[in-house]
Asker: 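Below is one structure. I have some questions about it.
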Amino acid sequence: MYRTHTCGELRISDAGKVITLAGWVQKTRDFGGMTFVDLRDRYGITQLVFNMETDAGQCKLARELGREFVIRATGLVAERSNKNPNMPTGDIEIFVDTLHILNPAETPPFTIEENSDGGDELRMKYRYLDMRRAPLQRNLMLRHRMAQSVRHYLDLRGFIEVETPVMIKSTPEGARDFVVPSRMNQGQFYALPQSPQMFKQLLMVSGYDRYMQIVKCFRDEDLRADRQPEFTQIDCEMAFVEQDDILNTFEGLAKHLFKEILNVEFPGKFAKIPYEQAMTEYGSDKPDLRFGMKITDLTEKVVGCGLSVMAEAEYIGGIVATGCADYSRKQIDDLTEFVKKPQIGAKGLIYVKYNTDGTIKSSVAKFFDAAALRGWAEVTGAKAGNLLLILAGKRDKTLKALGELRLEMGRQLNLMDKNKYIPLWVVDFPLVEWDEETKRFYAIHHPFTAPKPEHIPMLDIDPGKVHANAYDLVINGIEIGGGSIRIHDSGLQKKMFEVLGFTDEQAQYRFGFLMNAFKYGAPPHGGIAFGFDRWVSLFAGLNSIRDVIAFPKNNQGRDVMQDSPGIIDDEQLKELGIRIVTSDK
RNA sequence: GGGUAUGUAGUUCAGUUGGUUAGAAUGCCGGCCUGUCACGCCGGAGGUCGCGAGUUCGAGUCUCGUCGUACCCGCCA
């Protein structure tokens with residue numbers, strides 16, 4: 001062994017011991033006659049001391065050390081004369097009598113410290129150096145502890161972890177697949193799984209009635225701060241269960257993780273909000289419930305008014321910002337600009353200021369008398385000192401825009417407390433969604449999601465109105481996980497494929513093995529999958545999932561450290577039977 | 001496919017209305033220093049202002065193009 005202890009564990013009680021440490025040089029402080037070296041490993045930092053008077057040779061060697069040199073030092077643990085209360089090992093230091101440079105190092109391009117001076121781009125390029133820093137090490141250790149905790153909790157409840165294949169058949173529903181060419185079957189391709197969906201359902205058919213896996217999934221879609229091309233799910237499936245059984249089981253898992261990792265407890269049950277209510281009250285299918293500011297429907301209140309943008313709008317809604325009646329012209333203009341951004345897409349913003357002195361000021365005062373504006377205050381609950389913000393337009397789009405405006409106001413008013421967690425279940429999602437471009441229905445969740453039993457007759461009449469037995473776990477406006485009860489009846493599955501416009505042949509080609517399996521006794525089953533990276537980043541207090549992943553990819557799906565993806569040899573291409581056709585834009 | 005921001009020393013940034021030799025901090029190198037822990041003091045080196053065109057007597061600064069990066073919409077459970 002290169003060491004007897006780590007750099008984080010020695011205390012005053014160890015004084016007098018002769019020990020050996022190994023690690024990286026964090027920093028040297030050279031006084032000429034005396035040199036201090038901060039030695040770092042992932043457990044902490046311990047100070048080494050060298051003295052010209054007592055050991056000139058070792059002291060001179062210590063003066064040669066640069067940042068990030070890998071060294072080994074043997075010496076006596078001693079109480080410091082000048083203690084440093086800011087570090088756990090600050091009461092002791094090591095009088096080194098033997099110093100070995102195990103490996104010198106070039107000066108790193110950024111500082112390996114709690115708060116690095118390096119920018120994101122540079123730190124990604126030198127990811128292995130960035131990961132030496134304490135924040136990254138904390139994140140990855142948090143991730144490890146959460147994974148252990150999940151496995152432990154589910155193991156105690158009879159779940160078994162089963163690995164599923166990574167090279168599978170492409171199923172063109174849902175996200176784009178990453179594909180892998182087959183050398184032995186030229187012209188044919190595997191796909192990387194978007195999730196182990198069909199395999200976990202087959203495991204249910206096979207009688208493994210409680211399955212879990214912490215598993216990589218792959219989706220070839222455009223990326224975001226919280227979306228990577230490869231990401232990790234906590235994937236679970238249970239047989240002989242109904243929706244509530246699943247919600248209860250995984251609400252238990254969520255509570256367990258909160259308690260174990262953050263020491264946060266939730267006494268009651270998580271709220272359960274139907275999709276439709278989430279959309280009308282929060283303009284989002286993943287509402288952030290850390291604050292209220294619900295959307296109020298004002299459509300009825302403006303019928304027949306003289307202002308065409310309102311009179312002709314399909315929907316009018318507003319939110320109340322507490323204490324914002326004193327917003328300046330500039331602040332209102334900025335909000336207007338915010339909602340008019342192409343990403344939000346509102347045409348304009350209407351405001352009503354209910355001033356503390358009882359007066360009312362509004363951008364639409366010309367069209368409504370004070371009584372009417374007071375009527376709006378009544379329905380929205382706006383009080384003196386509040387600001388009512390109103391958007392008008394197409395219902396779905398306007399609700400979404402109000403939802404974005406609500407979040408923006410939440411940010412401006414500091415209503416999103418990082419230390420507060422409000423989990424909830426969003427339930428009763430629509431089963432399918434009509435797409436105008438391709439003139440067909442698409443499954444909102446996936447084609448195996450069961451409709452609410454009472455809605456099954458509606459599949460023939462108005463599939464868009466059918467609710468699914470599907471659910472999402474949402475925490476602080478982040479979709480942490482989602483799942484559904486699956487169809488286990490091949491007749492109903494066939495009907496579902498009909499609704500989605502698949503011919504029998506298409507269904508047979510894509511999902512035949514699953515439909516065949518269901519002929520041999522499929523138990524009622526359902527499951528859920530959690531976005532593990534998102535969950536870890538939520539617990540770490542981060543907005544991006546990149547820093548809870550050891551080697552993440554950037555916006556364009558590139559690994560800037562490896563510089564992947566990259567081209568491959570002609571020889572490799574030939575072997576695979578692939579020719580590259582460069583497309584000119 | 002679209003929107004917004006951004007690119008200057010190893011690093012993080014400043015750079016005014018287009019005008020002399022492009023600055024600061026930090027890091028790095030050399031010297032001094034026996035109780036530092038953001039050590040201190042003295043000195044030094046370090047620049048393709050992302051790249052390419054254009055406007056101009058003159059471009060880090062203006063225009064166009066291009067490449068990279070970040071965030072968002074579309075897309076994606």
Side-chain angles (χ1 to χ4, degrees), chain A residues 26-39 45-54 59 63 66-67 78 80-87 89-90 93 106-126 129 173-177 194-195 197 217-229 231 233 235 285-286 337-338 340-345 397 400-401 404 407-408 426 429 435 437 442-446 449 468 470-474 478-484 528-531 534 543-544 546 554-556 558 560 563 585:
Chain A
Q26 174 80 25
K27 185 163 239 179
T28 58
R29 287 176 295 279
D30 179 5
F31 282 76
M34 189 169 205
T35 289
F36 299 98
V37 175
D38 287 341
L39 187 65
I45 290 177
T46 297
Q47 175 167 287
L48 313 178
V49 203
F50 298 85
N51 197 312
M52 209 54 99
E53 256 174 31
T54 51
C59 193
R63 292 177 73 174
R67 278 159 52 199
R80 289 202 203 181
S81 55
N82 268 4
K83 295 192 168 76
N84 183 345
N86 299 320
M87 49 198 293
T89 61
E93 60 194 353
E106 285 185 25
T107 306
F110 51 87
T111 57
I112 314 292
E113 289 168 352
E114 177 75 26
N115 295 305
S116 174
D117 64 356
D120 294 349
E121 219 172 320
L122 196 67
R123 289 191 290 114
M124 280 302 172
K125 189 172 170 191
Y126 297 92
L129 294 180
E173 275 301 279
R176 243 176 247 118
D177 285 321
Q194 300 169 22
S195 78
Q197 184 59 38
C217 302
F218 307 85
R219 289 177 193 156
D220 187 8
E221 295 293 343
D222 288 0
L223 307 172
R224 293 282 188 281
D226 63 349
R227 266 162 35 188
Q228 285 273 307
F231 61 99
Q233 283 192 344
D235 193 48
D285 62 355
K286 42 180 198 295
E337 209 163 292
F338 174 82
K340 283 168 86 171
K341 282 197 303 188
Q343 288 95 315
I344 312 284
K397 209 175 153 190
K400 276 180 83 174
E404 292 298 332
L407 292 176
E408 174 62 19
V426 177
F429 280 83
D435 179 67
E437 244 171 68
Y442 282 85
I444 291 214
H445 191 62
H446 54 58
T449 299
Y471 32 81
D472 275 0
L473 177 64
V474 174
I478 301 165
E479 183 200 320
I480 288 294
S484 62
I528 193 164
F530 299 95
R534 284 187 191 172
N543 294 320
S544 167
R546 294 209 187 133
N554 75 3
N555 264 349
Q556 327 310 323
R558 299 200 70 87
V560 293
D563 196 23
K585 317 183 191 177

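Each chain gets a letter, A, B and so on, in the order the sequences are listed, and its residues count up from 1.
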Asker: With rounding to whole Å, what would you report as the distance between B:A9 and B:A14 at their P atoms?
Answerer: 12 Å
Asker: Ignoring hydrogens and angles, are the base of B:G27 and the side chain of A:D117 linked by a donor-acceptor pair under 3.5 Å?
Answerer: no
Asker: Pick from A:K27, A:R67, A:R29: which one makes a salt bridge (Lys or Arg N to Asp or Glu O under 4.0 Å) with A:D38?
Answerer: A:R29
Asker: Using only side-chain N and O atoms of A:R29, determine if any of them is under 4.0 Å from OP1 or OP2 of B:C39.
Answerer: yes
Asker: Please tell me if A:N82 has a side-chain N or O lying less than 4.0 Å from either OP1 or OP2 of B:U36.
Answerer: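 Yes, A:N82 has a side-chain N/O under 4.0 Å of OP1/OP2 on B:U36.
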Asker: Would you say A:E114 has more than 12 foreign heavy atoms packed within less than 6.0 Å of its CD?
Answerer: yes
Asker: Please tell me which of A:G119 and A:Q47 maps to the more 5' nucleotide of RNA chain B, matching each residue to the nucleotide holding its nearest heavy atom.
Answerer: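 Of the two residues, A:G119 wins.
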Asker: Give a yes or no on whether A:K341 atom NZ has more than 12 heavy-atom contacts from other residues, nucleotides or ligands under 6.0 Å away.
Answerer: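 Yes.
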Asker: Please determine if a side-chain N or O atom of A:Q556 lies less than 4.0 Å away from the OP1 or OP2 oxygen of B:U69.
Answerer: yes
Asker: Closest-nucleotide mapping onto RNA chain B: is A:S195 or A:E53 further toward the 5' terminus? I mean the 5' end.
Answerer: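 Of the two residues, A:E53 wins.
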Asker: Hey, is the side chain of A:Q194 poking within less than 4.0 Å of OP1 or OP2 on B:A77, counting only N and O atoms?
Answerer: yes
Asker: Counting only side-chain N and O atoms of A:R67, is one of them less than 4.0 Å from OP1 or OP2 of B:G10?
Answerer: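 False: A:R67 side-chain N/O out of range (4.0 Å or more) of B:G10 OP1/OP2.
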Asker: When both hydrogen-bonding distances must be under 3.5 Å and the geometry is Watson-Crick or G-U wobble, what is B:G7 paired with, if anything?
Answerer: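 Checking every strand shown, B:G7 finds its partner in B:C67, with both distances under 3.5 Å.
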Asker: If only side-chain N and O atoms of A:K340 are considered, is one of them under 4.0 Å from the OP1 or OP2 phosphate oxygen of B:G3?
Answerer: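 No.
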Asker: If you only use heavy atoms from C-beta on, which nucleotide in B:A70, B:U11, B:C76 is closest to the side chain of A:R219?
Answerer: B:C76
